[in-house]
Q: 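Got a structure for you, written out below as structure tokens; questions coming shortly.
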Amino acid sequence: MKEIAIVKYNAGNIQSVINALERLGVKPVVTDDQNWLVSAQKVIFPGVGEASTAMKYLKEKDLDQLLPKLKQPVLGICLGLQLMCTHSEENDTPMLDIFPAEVKRFPDKVGKIPHMGWNQLEFNDHPLLHGISQKDSFYFVHSYYAELSQYTIAKGNYGIPFSAVMQRDNFYATQFHPEKSSHVGGKIIENFINIPS
Amino acid sequence: MDIKDGRTVKGINFVGLRDAGDPVELAARYADEGADELCFLDITATVEKRDTLVELVRNVGKEINIPFTVGGGIREVQDVSRLLKAGADKISINSAAVKRPELVSELALEFGSQCVVVAIDVKQENDGHWYVYVHGGRSRTEHKAIDWAKRITDLGAGEILLTSMNSDGTQEGFSLKITREMGKAVPIPIIASGGAGTMTHFEEVFREGEADAALAASVFHFGSIPIPKLKEYLASKQIPMRQL
């Protein structure tokens, strides 16, 4: 059985993540219940929105304590990736500190903000990116970015390089939306599902 | 895709509708062919039809794996909430923003600017100025196109879907000058719409119109330009393009 829990909180649209999983034949559970989250085989931590508001909600539910301690594979998406870093410039927000990295706002010089659209990645082989080519493009929508760190496994570039995919131990995260990135995005979700729990 | 009574339709200069098929099927086909984003505009959206639109959004979301925008008949925050929950990535508003500009900021605050697209239908009048039209192009407003674009940007719009009524449905090319002027006037992306007839028109709107994205309907619905061929053509002209 592949039981996947999606973290329920106040950060944006999860219907498309549910749809993407259902296309792969997986029925996720959307929950903020601690027991469910601890016992799920995999956890997806999506998110669109503002960092401090999201952290406030996570704290109210004690999820700020729980999430960094999870042992099963966890996949952060978009704001999810950012929340897994140490600190964001967005309203000066301390975050989950799973990835020791800073989240910063794109400087105006890079062009239009948010960075919205399809971009390629630069990476070395990695289980999450199995079957993905550097020619493939992924869909990004973000005004803030995680700095490159030792946990960066794929780089994006929008005027400056940033972390597009990160991994540390059982924690995985993508800045882009795999659920909105066509077949190649679906492939990444499939790769995540196939990571041994 | 213009949607009327659950079907995709397309008119010329905003009138003379022609049936173009089932929106969910078309959406799936375009997503497979390499469209980067889809846009649905319900042109029959009346209060009693709103549930139909939410249902369509739900079905589209199940089928396709690329971003999509939905518009038509949105009046308040609650309408948007339902569409986003049903799986839309972005919503677009037009007449409602003109009627009550604060709606743009309410939506930006509630859902984030990234999902607030303001559609602006413009027409160049004999005085040489471009004016904003509402109600599917039936009513002229006193807003000049560029001033209106700046205003809604200040209110928190995340993108502008700019349709030139002079060009829409003609297949004679996008309105390049207004597209370029608007893009220079505001720091948010401009999606150019109206007038695509040939692959060269797309090249022009990116190069001369400096558009961030181009939207077309008829040439795709009726098959005169296949999306894969168009993207290949644009890439060969050094216009950055996602390839499948």
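In what follows, every chain begins at residue 1, and chains take the letters A, B, ... in the order their sequences are listed.
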Q: So what's closer than 4.5 Å to chain A heavy atoms on B:Pro189: side chain, backbone, both or neither?
A: both
Q: Measure distances from A:Glu22 to the heavy atoms of chain B and classify the residue's part below 4.5 Å as side chain, backbone, both or neither.
A: neither
Q: Quick one: what part of B:Ala86 sits under 4.5 Å from any heavy atom of chain A, side chain, backbone, both or neither?
A: backbone
Q: Return the CD1 to CD1 distance between A:Ile113 and B:Ile188, rounded to the nearest 0.5 Å.
A: 13.0 Å
Q: Using non-hydrogen atoms and a 4.5 Å limit, figure out which bit of B:Glu63 sits close to chain A: side chain, backbone, both or neither.
A: backbone
Q: Looking at A:Glu102, I want to see if its CD is surrounded by more than 12 non-hydrogen atoms of other residues, nucleotides or ligands under 6.0 Å.
A: yes
Q: To the nearest 0.5 Å, what is the distance between CG (B:Asp36) and OG (A:Ser182)?
A: 9.0 Å
Q: What is the distance from atom CZ of B:Arg242 to atom OG of A:Ser181, rounded to the nearest 0.5 Å?
A: 8.0 Å
Q: Do you know the tightest heavy-atom contact between A:Lys112 and B:Ile190?
A: NZ-N, 4.4 Å
Q: Checking heavy atoms, do the side chain of A:His142, its backbone, both or neither come under 4.5 Å from chain B?
A: neither
Q: Would you compute the distance between atom CG of A:Asn19 and atom CG of B:Asn59 and round it to the nearest 0.5 angstrom?
A: 10.0 Å
Q: Any chance CG of A:Asn91 has more than 12 other-residue heavy atoms, nucleotides or ligands included, within less than 6.0 Å?
A: yes
Q: With heavy-atom distances below 4.5 Å as the criterion, would you say the side chains of B:Asp212 and A:Met116 are in contact?
A: no
Q: I'd like to know whether NE2 of A:His130 has more than 12 heavy-atom contacts from other residues, nucleotides or ligands below 6.0 angstrom.
A: no
Q: Side chain, backbone, both or neither: which part of B:Lys62 has an atom under 4.5 Å from a heavy atom of chain A?
A: both
Q: Could you tell me the separation between the NE2 atom of A:His177 and the CD1 atom of B:Ile66, rounded to the nearest 0.5 Å?
A: 14.5 Å
Q: To the nearest 0.5 Å, tell me how far B:Glu37 CD sits from A:Tyr139 OH.
A: 4.5 Å
Q: Looking at B:Gly158, B:Pro187, B:Ala31, which one has more heavy-atom pairs under 4.5 Å with chain A than the rest?
A: B:Pro187
Q: Okay, side chain of A:Lys180, backbone of B:Pro67: is any donor-acceptor separation there less than 3.5 Å?
A: no
Q: Go through the atoms of A:Val17 and report whether side chain, backbone, both or neither lie under 4.5 Å from a heavy atom of chain B.
A: neither
Q: Please examine the side chains of B:Asn65 and A:Arg23, heavy atoms only from C-beta on, and report whether any two atoms are closer than 4.5 Å.
A: yes
